[in-house]
**Q** 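Here it is, the structure, as structure tokens.
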Protein chains: 2
Amino acid sequence: MKIGQLAQQTGTPVDTIRYYEREGLLPRAARTEGNYRIYDAVHLERLAFIRRCRSLDMTQDEIRVLLRFRDTPSESCEDVNALLDAHIGHVAERIRELQQLETQLQVLRACCEEGRQAAECGILNELSHGGAELTTPAASESHLAATHAGGRQHVPPRQGGGA
Amino acid sequence: MKIGQLAQQTGTPVDTIRYYEREGLLPRAARTEGNYRIYDAVHLERLAFIRRCRSLDMTQDEIRVLLRFRDTPSESCEDVNALLDAHIGHVAERIRELQQLETQLQVLRACCEEGRQAAECGILNELSHGGAELTTPAASESHLAATHAGGRQHVPPRQGGGA
DNA sequence: GCTTGACTCTGGAGTTACTACAGGGTTTCC
DNA sequence: GGAAACCCTGTAGTAACTCCAGAGTCAAGC
Ligand SMILES: [Zn+2]
Ligand SMILES: [Zn+2]
Ligand SMILES: [Zn+2]
Ligand SMILES: [Zn+2]
């Protein structure tokens with residue numbers, strides 16, 4: 001199959017598939033005479049695997065490790081289990097951080113109710129004279145990201161699994 | 001004061017201060033004869049404000065809005081309050097997403113206990129044959145970021161607030 | 001006067017996991 | 001044989017920094 005079909009079947013943008021190939025997550029695809037990439041079931045499985053991992057918010061490096069184990073079925077999977085534990089830790093820690101953040105934000109929000117003049121806005125005032133102690137901005141111990149996502153939306157174009 | 005002192009007093013890396021200037025969050029600083037930036041209390045206040053906002057995980061754009069209100073004290077602060085509500089929404093939504101994620105990960109984790117051979121690892125198997133339905137990777141409705149932070153650690157070098 | 005060292009300057013590249021082009025070539029179908 | 005739909009490469013942009021090289025400035029010491 002060609003790249004567009006693979007994209008459809010896995011709900012992955014075409015650009016992303018080519019990107020994974022560049023990054024080495026997918027092997028280089030064979031080409032047709034006209035230089036089109038061709039894929040088979042093996043590629044599809046592998047890409048599906050990658051996408052499931054990404055939907056669990058793993059990094060490429062984490063995925064790379066899992067792929068290595070998938071490729072060497074005779075090794076012990078201890079490290080797989082450990083990796084997953086670590087990743088669960090990443091998520092759990094980020095949740096804790098965000099919950100603290102939410103509390104702080106709610107406290108701050110309670111400083112102003114109605115539309116006052118900005119000069120008297122409890123929120124602006126609180127942000128101005130250090131209520132918080134000027135710490136490093138929300139730095140995770142374990143590589144966990146900030147709150148906002150840059151425009152990384154994609155909205156898959158209706159995924160024809162069984163329709 | 002020079003940039004290093006400002007950095008110390010606010011717990012901000014020097015590079016970040018210069019970066020904020022480039023981005024227009026801080027006004028261009030005056031210069032000495034030797035072309036060094038000089039700052040006064042006004043700059044310090046403004047930077048502290050920015051850092052408090054960042055420690056609440058606001059985006060530069062969100063901060064820009066707050067700064068505009070800070071600079072025009074006669075306007076109504078309704079939009080400030082609304083912005084904060086929206087931002088609390090961002091955080092709350094990301095928390096919900098991550099909690100779902102954590103649940104999924106724990107289910108997955110339960111598929112394998114001891115170190116089996118990778119071929120029989122319940123986790124790898126589950127990731128291989130679609131347990132999850134191959135959706136778009138953890139895409140937030142409202143611009144909320146992924147779980148891991150790229151090397152954006154900084155470890156402030158001992159902050160001499162009152163010591 | 002000169003050196004050492006701490007500090008500062010500019011500009012540019014790297015980070016994550018993509019996304020979005022521009023400017024072409026290929027296939028397919030009528 | 002011509003247009004639509006698909007595919008190719010390569011480059012640049014995203015958020016909020018971080019790190020570096022190569023150079024200039026300043027205070028102190030000898
Ligand atoms: Zn992780
Ligand atoms: Zn207010
Ligand atoms: Zn927000
Ligand atoms: Zn296992």
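Here is the naming used below: chain letters follow the sequence lines, and residue numbers restart at 1 for every chain.
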**Q** Please figure out whether B:E33 or A:Q5 has its closest DNA chain D nucleotide nearer the 5' end.
**A**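 The answer here is A:Q5.
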**Q** When you get a sec, tell me which of C:dA17, D:dC8, D:dC17 is the closest nucleotide to the side chain of B:T16?
**A**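 The listed nucleotide nearest to B:T16's side chain is D:dC17.
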**Q** Rounded to whole Å, please give me the gap between NE2 in A:H90 and P in C:dT16.
**A**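 So the NE2-P distance, A:H90 to C:dT16, works out to 14 Å.
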**Q** Whole angstroms only, please: what is the OH-C1' distance between A:Y39 and D:dC8?
**A**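 Those two atoms, OH and C1', are 11 Å apart.
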**Q** Cation-pi check for A:F49 against A:R70: NZ or CZ below 6.0 Å from the six-membered ring centre and within 45 degrees of the axis, yes or no?
**A**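 Yes - A:R70 lies over the ring of A:F49, closer than 6.0 Å to its centre and within 45° of its axis.
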**Q** Quick one: do A:R68 and A:D79 satisfy salt bridge (charged side-chain N to carboxylate O under 4.0 Å, His left out)? Show the steps, please.
**A** CA-CA 11 Å; A:R68 237 192 344 266; A:D79 290 356; over 6 Å; no
**Q** Can you establish whether the number of heavy atoms outside A:Q60 located under 6.0 Å from its atom CD is more than 12?
**A**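 Counting other residues, nucleotides and ligands, CD of A:Q60 exceeds 12 neighbours.
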**Q** Just compare D:dC7, C:dC9, D:dT18 and give me whichever is closest to any side-chain atom of A:K2.
**A**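 Between D:dC7, C:dC9, D:dT18, the one nearest the side chain of A:K2 would be D:dC7.
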**Q** Need one value for B:D15: base, sugar-phosphate or nothing, where a base atom within 4.0 Å counts as base even if backbone is also close, heavy atoms only.
**A**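 Since a base atom lies under 4.0 Å of B:D15, the category is base.
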**Q** Any side-chain N or O of A:R37 under 4.0 Å from OP1/OP2 of D:dC7?
**A**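 Checking A:R37 against D:dC7: no side-chain N or O falls below 4.0 Å of OP1 or OP2.
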**Q** I want to verify a distance call: between C:dC18, C:dT10, D:dC8, whose nearest atom is closest to the A:R54 side chain?
**A**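 Nucleotide nearest to A:R54's side chain: C:dC18.
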**Q** Among the nucleotides C:dT10, C:dC18, D:dT9, which one has an atom lying closest to any side-chain atom of A:R31?
**A**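 The answer is D:dT9, which lies nearest to the side chain.
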**Q** Grab the CZ-P distance between A:R28 and D:dC8 for me, whole Å please.
**A**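 Distance, rounded to whole Å: 14 Å.
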**Q** Heavy atoms only, 4.0 Å cut-off, all strands: where does B:R18 land among base, sugar-phosphate and nothing?
**A**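 Base contact.
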**Q** Which atom pair, heavy atoms only, marks the closest approach of A:C111 to A:I123?
**A**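 Closest heavy-atom pair between A:C111 and A:I123: CB-N, 4.1 Å.
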**Q** Look at B:Y20 and D:dC17 and indicate whether a side-chain polar atom (N or O) is within less than 4.0 Å of OP1 or OP2.
**A**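 Affirmative; the distance criterion is met.
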**Q** Check A:I3, A:L44, A:L47 against A:Y39 for a side chain to side chain contact (heavy atoms under 4.5 Å, CB included) and give me the one that passes.
**A**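 It is A:I3; the other options fail the test.
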**Q** Can you check whether any acceptor in the base of D:dT25 is under 3.5 Å from a donor in the side chain of B:Y36, or vice versa?
**A**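 Per atom types, the contact qualifies.
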**Q** Could you check A:R18 against A:E21 for salt bridge (charged side-chain N to carboxylate O under 4.0 Å, His left out), going step by step and ending with a plain yes or no?
**A** CA-CA 5 Å; A:R18 288 197 278 250; A:E21 181 178 318; over 6 Å; no
**Q** Kindly calculate the angle separating the two end axes of the helix from C:dG1-D:dC30 to C:dC30-D:dG1, each obtained from five base pairs, and round it to 10 degrees.
**A**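 It comes to 30° between the two terminal axes.
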**Q** Quick one: do A:E93 and A:R96 satisfy salt bridge (charged side-chain N to carboxylate O under 4.0 Å, His left out)? Show the steps, please.
**A** CA-CA 5 Å; A:E93 190 192 343; A:R96 272 196 306 282; 5.2 Å; no
**Q** Between C1' on D:dA15 and NE2 on B:H87, what's the gap in Å once rounded to a whole number?
**A**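 Interatomic distance, NE2 of B:H87 to C1' of D:dA15: 14 Å.
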**Q** Using whole Å, what does the distance between atom P of nucleotide C:dT26 and atom CD1 of A:I38 come to?
**A**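 It is 15 Å, rounded to the nearest whole Å.
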**Q** Taking only side-chain N and O atoms of A:R22, does any of them lie within less than 4.0 angstrom of OP1 or OP2 on C:dT19?
**A**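 No, A:R22 has no side-chain N/O under 4.0 Å of OP1/OP2 on C:dT19.
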**Q** Rounded to the Å, how far apart are A:I3 CD1 and D:dC8 C1'?
**A**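 Checked: the CD1 to C1' distance equals 10 Å.
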**Q** Can you tell me how far C1' of D:dA16 sits from CG of B:L25, to the nearest Å?
**A**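 In whole Å, D:dA16 C1' and B:L25 CG are 10 Å from each other.
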**Q** Rounded off to whole Å, could you give me the CZ-to-P distance for the B:R94 and D:dA15 pair?
**A**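 Result: 17 Å.
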**Q** Counting heavy atoms not belonging to B:R28, are there more than 12 under 6.0 Å from its CZ?
**A**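 Atom CZ in B:R28 is not packed in, count stays at 12 or less.
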**Q** At 4.0 Å (heavy atoms only), tell me whether B:Q60 reaches a base, stays on the sugar-phosphate, or touches nothing.
**A**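 Sugar-phosphate: the residue B:Q60, judged by heavy atoms under 4.0 Å, touches backbone atoms but no base.
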